[in-house]
J.: 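A single structure is presented below for examination.
If you're wondering where the values come from, they're calculated on a predicted model, not measured in any experiment.
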Amino acid sequence: MTPPSERSRAVAFLTSADPSAPDRRWCGNDDSARAHHGIVALAETPLVLELSWRASKAARKALVCRLRLDLARLLAERLVRPEDAKQVRLRFFHDHDGKVHIQAKQDAPRFLIGRL
């Protein structure tokens with residue numbers, strides 16, 4: 001369970017029993033500066049995203065988590081950065097300690113979403 005100090009009203013963790021089909025399936029890898037990011041429209045809220053990760057491009061992927069994201073709240077919490085008035089850049093970072101975070105950019109606030 002995520003400690004209360006690390007909770008975000010913008011992120012809901014989904015279980016395998018949740019019937020929500022992912023709107024997007026993303027897979028990051030450590031060969032890409034340990035980060036994976038993309039541009040998403042604010043209108044896609046709530047965004048259901050399944051995130052997997054690989055140690056390298058050739059490695060097997062491992063499921064990190066399934067999330068329901070409120071993109072406007074993530075923007076208000078400075079966990080994503082604006083691209084323009086209608087889109088944000090959503091970025092995931094895999095730290096050397098195995099933790100995976102939502103983080104707008106290096107040295108910015110981050111939110112723990114999983115561990116590998």
J.: Locate the shortest heavy-atom distance separating Arg66 from Ser16; write the atom from each residue and the value.
T.: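 Taking every non-hydrogen atom into account, NH1-CA, 4.3 Å.
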
J.: With rounding to the nearest 0.5 Å, note down the distance linking CD1 in Ile39 to CG in Asp84.
T.: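 Here the rounded value is 8.0 Å.
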
J.: Would you kindly confirm whether Leu51 and Leu14 end up in one hydrophobic cluster when ILVMFWY residues are joined by side chain heavy atoms under 4.5 Å apart?
T.: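 Hydrophobic grouping puts Leu51 apart from Leu14.
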
J.: For Gln103 and Pro109, which heavy atoms make the closest approach, and how far apart are they?
T.: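 Smallest heavy-atom distance, with atoms named: CG-O, 3.6 Å.
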
J.: Counting distance only, does the side-chain N/O of Asp30 pair as donor-acceptor with the main-chain N or O of Ser56 below 3.5 Å?
T.: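 Flag not set: sc Asp30 to bb Ser56 has no pair under 3.5 Å.
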
J.: Any link between Phe111 and Phe92 through a network of hydrophobic side chains (Ile, Leu, Val, Met, Phe, Trp, Tyr) touching at under 4.5 Å?
T.: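 Both belong to a single hydrophobic cluster.
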
J.: More than 12 non-hydrogen atoms from neighbouring residues, nucleotides or ligands closer than 6.0 Å to NE2 on His36, yes or no?
T.: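 More than 12 heavy atoms, drawn from other residues, nucleotides or ligands, come within 6.0 Å of this atom.
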
J.: Have a look at Glu44 and tell me which of Arg68, Lys86, Arg24 forms a salt bridge (charged side-chain N to carboxylate O under 4.0 Å, His left out) with it.
T.: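 Of Arg68, Lys86, Arg24, salt bridge (charged side-chain N to carboxylate O under 4.0 Å, His left out) with Glu44 is met by Arg24 alone.
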
J.: Go through the steps to decide whether Ile102 and Val11 satisfy the test side chain to side chain contact (heavy atoms under 4.5 Å, CB included), and finish with yes or no.
T.: CA-CA 10 Å; Ile102 296 174; Val11 179; 4.1 Å; yes

J.: Ignoring hydrogens, what is the shortest heavy-atom contact between Arg81 and Leu75? Give both atom names and the distance.
T.: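 Smallest interatomic distance, heavy atoms only, reads C-CD1, 4.2 Å.
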
J.: In the single-linkage hydrophobic clustering (I, L, V, M, F, W, Y; side-chain heavy atoms under 4.5 Å), do Leu47 and Val100 co-cluster?
T.: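 Yes, it is one cluster - the side chains of Leu47 and Val100 are joined through contacts under 4.5 Å.
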
J.: List the atom of Cys27, the atom of Lys61, and the distance in Å for their closest heavy-atom pair.
T.: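 Closest heavy-atom pair between Cys27 and Lys61: SG-CB, 3.8 Å.
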
J.: Give, for atom CZ of Arg54 and atom CG of Leu116, the distance between the pair rounded to the nearest 0.5 Å.
T.: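 CG of Leu116 is found 12.5 Å from CZ of Arg54.
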
J.: Find the distance between CZ (Phe93) and NZ (Lys105) and round it off to the nearest 0.5 Å.
T.: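 Separation between the atoms: 15.0 Å.
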
J.: For His101, enumerate each residue passing the ring-ring contact (aromatic ring centres under 6.0 Å, His included) test, keeping only those at least two apart in sequence or located in another chain.
T.: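 His101 satisfies ring-ring contact (aromatic ring centres under 6.0 Å, His included) with no other residue.
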
J.: Nearest heavy-atom pair of Phe13 and Leu112: which atoms, and what distance?
T.: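 Closest heavy-atom pair between Phe13 and Leu112: CZ-O, 3.9 Å.
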
J.: Could you check whether any side-chain heavy atom of Arg110 comes within less than 4.5 Å of a side-chain heavy atom of Asp95, counting everything from C-beta outward?
T.: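 The answer is yes; the side chains approach within 4.5 Å.
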
J.: Per the side chain to side chain contact (heavy atoms under 4.5 Å, CB included) rule, which among Leu90, Leu79, Thr45, Val40 passes with Leu69?
T.: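 Among the candidates, only Leu90 passes.
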
J.: What distance separates Arg73 CZ from Arg9 CZ, expressed to the nearest 0.5 Å?
T.: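 Rounded to the nearest 0.5 Å, the CZ-CZ separation comes to 4.0 Å.
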
J.: Check whether more than 12 heavy atoms from other residues, nucleotides or ligands sit under 6.0 Å from atom CZ of Arg89, and answer yes or no.
T.: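 Yes, the 6.0 Å shell around CZ holds more than 12 heavy atoms from other groups.
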
J.: Check for me, please, whether Trp26 and Leu71 land in the same ILVMFWY cluster - side-chain distances under 4.5 Å, paths through other members count.
T.: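 Linked within one cluster.
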
J.: What is the distance from atom NE2 of His37 to atom OG of Ser32, rounded to the nearest 0.5 Å?
T.: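 One gets 8.5 Å once the value is rounded to the nearest 0.5 Å.
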
J.: What distance separates Glu50 CD from Leu67 CG, expressed to the nearest 0.5 Å?
T.: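 That separation rounds to 10.0 Å.
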
